Amino acid sequence: TFSWNSLISAYATRGEPRFALSLFSRMEDASVHPDDHTFVSVFKACSHLKDLKRAFELHTKAVKLSLSERNIVVGNALIDLYIKCNAPARARQVFDSLPLKNVITWTSLVGGFIDCGHDLKAMELYKKMTFHGVIPNPITFVCVLKACTNTGDIANGQKVHAEIERRSLLDDDVFLGSALVDMYAKYGLLTFAQHIFDKLPSHNVVSWNSLMQGYIQYDKYKEAVRCFIQMQAEGICLT
RNA sequence: GAUCCAUACA
């Protein structure tokens, strides 16, 4: 099982999802018993294919082994699988069916709703999550900020920002920094965007782009050019 | 056991 898992995982991750799934079939043919690791990899492969029918089949097989009850990671991966297959209602069913949820379970569905364009549902779920006493992590905040950006709900975004500062999370997550900069930049709050940007421990091409786009969108071309030059001075490669 | 999940601009 371990060898099969390693192979399947490698192909699922390396962008060969079809081959990962066919390996899984061969594993079944060889009557090697799949375990929780197997299913997580196979879910991932299927999520790249966005094959809902296949998702159902895999889900059914996992249920027969009651793997999603035994290991929360399986349930979490399943939520993500249904989201990637554009089936948020299914994802929600899985979510509701899980007796134990962790921060990843919650965040997967929050982020999933956003991917499916249900930003308000995502915000609602986030509130429910905090109400349940689940501590959000930086990834949760990135998702919530994105929902605020999508809907233009800057008031909520600022609340989230305050929460992030309170936990001083900006020092160790580049994604979080970019998400915040992006939100402020998109809505023309360029001083805020610049201020947060300056406080970030490190910048990358995304955080620079977010800031620059804000300046461009609001006709601050001089600032945009200044960014462009500084960005190269910091040694960020353009592709 | 080199096998397991969610996140940012364009």
Side-chain angles (χ1 to χ4, degrees), chain A residues 1-14 20 23-24 27 32 34-48 62 67-68 70-84 88 91 94-95 98 100-116 122 125-126 129 134 136-150 157 160 164 169-170 172-186 193 196-197 200 202-217 224 227 231 236 238-239:
Chain A
T1 300
F2 178 81
S3 317
W4 284 100
N5 284 353
S6 304
L7 261 184
I8 292 173
S9 158
Y11 283 105
T13 312
R14 291 293 183 95
L23 275 174
F24 177 66
M27 180 183 185
V32 179
D35 63 7
D36 40 0
H37 292 244
T38 322
F39 275 95
V40 171
S41 296
V42 149
F43 287 165
K44 186 191 276 180
C46 188
S47 76
H48 283 117
L67 285 177
S68 58
R70 210 163 281 149
N71 185 348
I72 193 171
V73 175
V74 175
N76 294 347
L78 192 52
I79 290 173
D80 186 54
L81 171 58
Y82 278 124
I83 288 299
K84 298 272 160 53
V94 173
F95 177 88
L98 295 178
L100 289 177
K101 302 171 175 57
N102 63 14
V103 61
I104 299 184
T105 319
W106 286 90
T107 304
S108 298
L109 194 59
V110 169
F113 278 151
I114 296 166
D115 282 341
C116 296
L125 190 66
Y126 166 70
M129 164 181 172
V134 179
N137 67 17
I139 300 187
T140 317
F141 285 125
V142 170
C143 294
V144 174
L145 285 174
K146 190 172 184 181
C148 295
T149 305
N150 289 342
V160 175
I164 291 166
L169 296 175
L170 280 178
D172 27 51
D173 195 315
V174 211
F175 280 33
L176 192 49
S178 321
L180 256 184
V181 170
D182 180 56
M183 178 181 77
Y184 285 123
K186 279 213 169 81
I196 291 156
F197 183 86
L200 296 180
S202 70
H203 306 136
N204 65 11
V205 68
V206 175
S207 48
W208 275 110
N209 272 346
S210 303
L211 183 64
M212 228 175 358
Q213 274 182 179
Y215 283 127
I216 291 169
Q217 189 182 334
C227 287
M231 173 175 165
I236 309 281
L238 307 176
T239 50

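The model shown is predicted, which means the values in this text are computed figures rather than measured ones.
- Among the atoms of the strands shown, base atoms are found under 4.0 Å from some heavy atom of Ser178(A).
- Around the CZ atom of Phe95(A), the shell of radius 6.0 Å holds more than 12 heavy atoms that belong to other residues, nucleotides or ligands.
- Here Phe197(A) pairs with His203(A), Trp208(A) under the ring-ring contact (aromatic ring centres under 6.0 Å, His included) rule; sequence neighbours left out.
- In terms of the salt bridge (charged side-chain N to carboxylate O under 4.0 Å, His left out) criterion, Lys44(A) has no residue partners (sequence neighbours excluded).
- Residues passing the ring-ring contact (aromatic ring centres under 6.0 Å, His included) test with Phe39(A), sequence neighbours excluded: Phe24(A), Phe43(A).
- Taking the salt bridge (charged side-chain N to carboxylate O under 4.0 Å, His left out) definition, one finds that Lys101(A) meets it with nothing, sequence neighbours left out.
- Across all strands shown, Asn204(A) has heavy atoms under 4.0 Å from base atoms, whether or not it also approaches the sugar-phosphate.
- Between Thr149(A) and Asp182(A), the shortest heavy-atom distance links the atoms CG2-OD2, 3.9 Å.
- In plain terms, the two heavy atoms of Ala12(A) and Ser41(A) that are nearest each other are CB-O, 3.4 Å.
- Contacts with RNA chain B (heavy atom under 4.0 Å) in residues 39-47 of chain A: Val40(A), Ser41(A), Lys44(A), listed by number.
- Here the closest non-hydrogen pair linking Leu176(A) and Phe141(A) is CD1-CB, 3.6 Å.
- In this structure, Asp182(A) reaches the sugar-phosphate backbone alone: every heavy-atom distance under 4.0 Å involves primed, P, OP1 or OP2 atoms, never a base.
- Counting 5' to 3', RNA chain B first comes under 4.0 angstrom of a heavy atom of chain A and last does so at the ends given by G1(B) to A10(B).
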